[in-house]
Q: 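Please find one structure pasted underneath; my questions will follow.
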There are 2 protein chains.
Amino acid sequence: MRIGELSKATDVPVPTIKYYLREGLLPAGELTSPNQASYGEAHVRRLRLIRALIELAQVPVAQVKEILESLDSDTEPLHEQIGRAHRALTPTRRLNATDEARTAATAQVTDLITTRGWKVDPEAPALATLIDTIAALHTLGQPALAAHLDTYADAVERFTALEIEAVTANPTRDQLAESVVIGTILGETLISSLRLLAQESISADRWTSG
Amino acid sequence: MRIGELSKATDVPVPTIKYYLREGLLPAGELTSPNQASYGEAHVRRLRLIRALIELAQVPVAQVKEILESLDSDTEPLHEQIGRAHRALTPTRRLNATDEARTAATAQVTDLITTRGWKVDPEAPALATLIDTIAALHTLGQPALAAHLDTYADAVERFTALEIEAVTANPTRDQLAESVVIGTILGETLISSLRLLAQESISADRWTSG
């Protein structure tokens, strides 16, 4: 199909498609004449993935590019691909907490990971974020949430087992890699919006009639 | 204490404190002379909350202000305060999905909410985000994750019950409101980083030796 048809099939404007082509997010079409290229189903699929990452998960373009390059690599281990999706998702900002709170948070998280036997890179950005968050809860005088860390981790393990099951339902390596990336990123949005709805509902029950 | 001491106690630079004062995020100190104000423990506490919202949860300044105004209102119902924190957290961007996928997603989510008896405002931004996310999973050819929606919701209900329990451990209304806001926003970061760590661990088990 031509670029206009690709635009219609995906609801992405032609100038945006041209931008993705220039930035290397979308592979070039097959040249059918010096001025014209033809696009296929793979382009439709890739464009939808790009839009989901940018619009829904709000991943910056530079990181979308990195994720897609990783997806297109035949040699990069799947574990590395997941790592890239993770880095695109994890905020790297740090919060000032008291030293005491940070030391206690580090001990609590280390204990959690050891007890559960999780295999985690000590440099994983999510590890720093988790420690920061717990330290912040203590610094802000809200230790109760942090105290439930283990129960949180229980529920999270159930999610994750589900997600791995859903992802491995796909047979080919290409599909598997794509599901891992989509699952990591859109699964986040799924859980977060469910949580807000459940909170709203419980909050309505508890606090509107009072 | 003076502004310099407040800066030292919270590790927030004096110019940043002055910016928060000008923007109305932080209440003015008590004037002790025409050029000098004195700050107390309430300022320390409020500054830490502001930094957590901005640095860790990445809430925009305009929305931090809205949340804090809501916190300082004696009359706004707690349910409304939670609603404000939610709106600050929920991305409002929308994703193009096929009409068919969106119709199916709307039906699935409506069914979920009815079955669980959740009381949710039909205009809640998290509702639109959830429907969009499920439609996107279908459009991207990843129905398996969306199919597990009910199991996700089960685990999320467990989180939420925990969070409500943690929050109601605080006695006064002021403390309650503050915990709700902190819990809603930092709880999100807590769950998200735990999920990434659990995924990394399972991924390391499954795919690094292959």
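Residue numbers start from 1 in every chain, and the chains themselves are labelled A, B, ... in the order their sequence lines are given, proteins ahead of strands.
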Q: When heavy-atom pairs shorter than 4.5 Å are enumerated against chain A, which of B/Leu194, B/Thr151, B/Asp154, B/Thr160 gives the highest number?
A: B/Leu194
Q: Flag the pair B/Asp132 / B/Arg102 as yes when at least one side-chain heavy-atom distance between them is below 4.5 Å, and no otherwise.
A: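 In short, these two side chains touch, coming nearer than 4.5 Å.
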Q: With sequence neighbours excluded, tell me which residues meet ring-ring contact (aromatic ring centres under 6.0 Å, His included) with A/Tyr20.
A: none
Q: Evaluate A/Val44 against A/Met1 for side chain to side chain contact (heavy atoms under 4.5 Å, CB included), listing each step before the verdict.
A: CA-CA 10 Å; A/Val44 172; A/Met1 69 190 91; 3.8 Å; yes
Q: Among A/Arg116, A/Arg158, A/Gln199, single out the residue with the greatest number of heavy-atom pairs under 4.5 Å to chain B.
A: A/Gln199
Q: Taking only residues two or more places apart in sequence or in another chain, which ones pass salt bridge (Lys or Arg N to Asp or Glu O under 4.0 Å) with A/Asp111?
A: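 Partners of A/Asp111 under the salt bridge (Lys or Arg N to Asp or Glu O under 4.0 Å) test: none.
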Q: I need the residue from A/Val109, A/Ile113, A/Leu112, A/Leu149 with the largest number of non-hydrogen atom pairs under 4.5 Å to chain B.
A: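 Going by pairs under 4.5 Å, I would pick A/Leu149.
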Q: Under a 4.5 Å cutoff for heavy-atom pairs, which residue among A/Leu137, A/Ile134, A/Leu130, A/Leu197 has the most contacts with chain B?
A: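 Between A/Leu137, A/Ile134, A/Leu130, A/Leu197, the count favours A/Leu197.
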